[in-house]
There are 2 protein chains.
Amino acid sequence: MKTKTSDSVEDYLKTIYDLTQNYGLATTSKIAEVLEVTPASVSGMIKKLASLQPALVVYRKHRGVILTPSGNKIALEIIRHHRLLELFLKESLGFSWDEVDEEADRLEHVISEEMEERIAQTLGDPVFDPHGDPIPTKDLLMPDHFFVCLNELRPGQGAIIRRVRDTDPDLLRYLSGKGVIPDARLIVIGYSHFDENIELKLNACEESVVLGPKITRQIFVEVLPDE
Amino acid sequence: MKTKTSDSVEDYLKTIYDLTQNYGLATTSKIAEVLEVTPASVSGMIKKLASLQPALVVYRKHRGVILTPSGNKIALEIIRHHRLLELFLKESLGFSWDEVDEEADRLEHVISEEMEERIAQTLGDPVFDPHGDPIPTKDLLMPDHFFVCLNELRPGQGAIIRRVRDTDPDLLRYLSGKGVIPDARLIVIGYSHFDENIELKLNACEESVVLGPKITRQIFVEVLPDE
DNA sequence: ACCCAATATTAGGCTAACCTAAATATTAAT
DNA sequence: ATTAATATTTAGGTTAGCCTAATATTGGGT
């Protein structure tokens, strides 16, 4: 009977997956920053992950790290847990979207296969979590998602928000206060190429909003055809 | 900012609470058996718990251990988590009563105050978990429960099952198969003082059941007045 | 091409929680 | 009251995952 991978290892694999997807590559210092440990600890753990049987990562010193198929599988299992839990906490217990990430970060390591399955069934095998992040299927395939990054839009373009890829509760509360949430319809009404600010008019709100690139790079939309 | 007590410490405190309640006293070897560690490990941990500031247990060598008020408080917090979770898993996710203990054992350490609160609200501040074990209130008072142990009943007496105080999934499945579950109505139809076996006729079942003392000592009932 | 700043790695230690084996205390039985 | 059996504690060791400080590598700017 193979013993369960530790919470810590699961956290590293999930982080490497996320950074690789959203950042292009997973570096020692980025991992350290996300997990709130020192770079030295990351070096040590990565070396260990690379030398496990089977290896969970491929490691070239000073070059960053990528997941092996085994590592990827575990990462996707945890990410499925995490995203199912986020949606479950929101739908079944009434959590708000800025609170679910933190709670799911702890629960993701301890739920059984059976609980995962029951949650998925209760929610009707959902494809997106409350932030619009895709939920891996039961056989660990990541659903395709073809959304456009909000920072690519220009004045005149209409769109529907599909994904807000950030976990900072303060930011999420700020955004939902302005109506910037998944499924909201908007039109871009301004752009400044100096600071890359984008001004939006949400259908559901009177006031327009100006968002900087740090935020717009985390938001993905479905572009609507011109009227 | 006081740092969270470890899962391990929480497990010890919960176990000491349970053994003290159900067994009279918590000995090193009983704790070791429940937690599936060696008695040597228990000795070590108990010494540590007793020397913490504030102490969580009072320890007299070779005499067993009891909880201090601080230790009791933490134990009750975990037991509240555990029992709320058991009921939640059964009511909201459709788990059966023999599965919930194991799942709750892992979840109890990681849910936030807020999640505890939301679960309690969703369930309407319940007083008993699926096995009939009382759930401590939000301010950590253990509800009174005046039930009689099934092994004290004799032929002719009627009763309603209120609590089945066991966590073994096999036993729980066996009992529910025979109709022996909380809220079931029964009449005692036989007793043997040689082996302390008690024979029951459940209202809901055709067949009668004979249960040995090891089982009847774990079952508590509300005795019905004579007809 | 060189050097410096940024990034990453190694070396050496610490702590929590477990283990085994040996020593000691308690209890029950003669 | 002694002894054997049982229960408990101590001594010493392991492992995972973290830390700090020291060292090494890389890559951009001149």
Side-chain angles (χ1 to χ4, degrees), chain A residues 1-16 19-20 23-53 55-66 71 74-75 78 105-106 108-110, chain B residues 1-16 19-20 23-53 55-66 71 74-75 78 105-106 108-110:
Chain A
M1 79 192 77
K2 60 185 155 199
T3 171
K4 198 234 180 217
T5 63
S6 72
D7 291 6
S8 202
V9 167
E10 291 179 351
D11 281 337
Y12 277 91
L13 296 175
K14 181 178 72 152
T15 302
I16 293 165
L19 287 173
T20 307
Y23 219 79
L25 87 162
T27 64
T28 302
S29 48
K30 272 289 161 200
I31 297 168
E33 186 188 326
V34 173
L35 293 179
E36 299 184 277
V37 297
T38 61
S41 300
V42 175
S43 274
M45 178 60 98
I46 283 176
K47 201 169 11 164
K48 175 191 162 172
L49 295 178
S51 67
L52 285 177
Q53 198 50 244
L56 301 180
V57 302
V58 175
Y59 176 39
R60 288 177 53 215
K61 278 182 193 169
H62 297 277
R63 299 282 155 174
V65 69
I66 58 172
I74 298 173
I78 296 302
D105 269 344
R106 282 176 279 108
E108 65 190 9
H109 304 294
V110 303
Chain B
M1 81 192 78
K2 61 187 157 199
T3 170
K4 201 232 179 215
T5 63
S6 72
D7 291 6
S8 201
V9 167
E10 291 179 352
D11 281 337
Y12 276 91
L13 296 174
K14 181 178 73 154
T15 303
I16 293 166
L19 287 173
T20 308
Y23 216 80
L25 86 162
T27 65
T28 301
S29 47
K30 272 288 162 200
I31 297 168
E33 187 188 326
V34 173
L35 293 179
E36 300 183 278
V37 297
T38 62
S41 300
V42 176
S43 273
M45 178 59 98
I46 283 176
K47 200 166 16 158
K48 175 191 163 171
L49 296 178
S51 67
L52 284 178
Q53 197 51 245
L56 301 180
V57 304
V58 175
Y59 176 39
R60 288 177 53 213
K61 278 182 192 170
H62 296 278
R63 297 286 154 170
V65 70
I66 57 170
I74 297 172
I78 296 302
D105 269 345
R106 284 175 280 108
E108 65 190 8
H109 303 294
V110 304

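Residue numbering restarts at 1 for every chain, and letters A, B, ... go by the order of the sequence lines.
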Measure CG/A:Leu25 against P/D:dT26 and give the value in whole Å, please.
15 Å
Please report, rounded to the nearest Å, how far the P atom of C:dC18 is from the CG atom of B:Asp7.
11 Å
State, with a plain yes or no, whether a side-chain heavy atom of A:Glu108 is found less than 4.5 Å away from one of A:Glu10.
no
According to a strict under-4.0 Å criterion, is B:Tyr12 in side-chain N/O contact with OP1 or OP2 of C:dC18?
yes
Encode nucleotides 5-10 of chain D as B, S and - characters from 5' to 3', where the letter depends on protein heavy atoms closer than 4.0 Å: B to the base, S only to sugar-phosphate, - to neither.
---SBB
Set of residues satisfying salt bridge (charged side-chain N to carboxylate O under 4.0 Å, His left out) with respect to B:Arg106, sequence neighbours excluded:
B:Glu102, B:Glu103
Does A:Tyr12 form a side chain to side chain contact (heavy atoms under 4.5 Å, CB included) with A:Val37? I'd like the steps, not just the answer.
CA-CA 11 Å; A:Tyr12 277 91; A:Val37 297; 3.7 Å; yes
Would you mind reporting whether B:Val34 and B:Asp11 have side-chain heavy atoms less than 4.5 Å apart?
no
Min side-chain heavy-atom separation A:Leu56-A:Ile16 under 4.5 Å
no
Once you round it to whole Å, what is the distance between P of C:dC18 and CD of B:Glu36?
12 Å
Can you check whether B:His109's main-chain N or O pairs, donor with acceptor, with B:Lys4's side chain at less than 3.5 Å?
yes
Return the value, rounded to whole Å, for the distance between atom CE of A:Met45 and atom C1' of D:dC19.
14 Å
Close side-chain approach of B:Ile31 and B:Leu19, heavy atoms under 4.5 Å
yes
When you compare the side chain of A:Tyr59 with that of A:Lys61, does any pair of heavy atoms fall below 4.5 Å?
yes
Atom CG of A:Asp11 to atom C1' of D:dC18: distance rounded to whole Å?
14 Å
In degrees, rounded to 10°, what is the bend between the two ends of the helix from C:dA1-D:dT30 to C:dT30-D:dA1, using five pairs at each?
0°
Report which part of the nucleic acid B:Thr38 touches: base, sugar-phosphate, or nothing (heavy-atom distance under 4.0 Å, all strands).
base
Can you measure from CD1 (A:Ile78) to CG (A:Asp105) and round to the nearest 0.5 angstrom?
10.5 Å
Roughly, in whole Å, what's the span from CG in B:Leu52 to C1' in C:dT15?
14 Å
Can you tell me if the side-chain N/O atoms of A:Ser8 get under 4.0 Å from OP1 or OP2 in D:dA16?
no
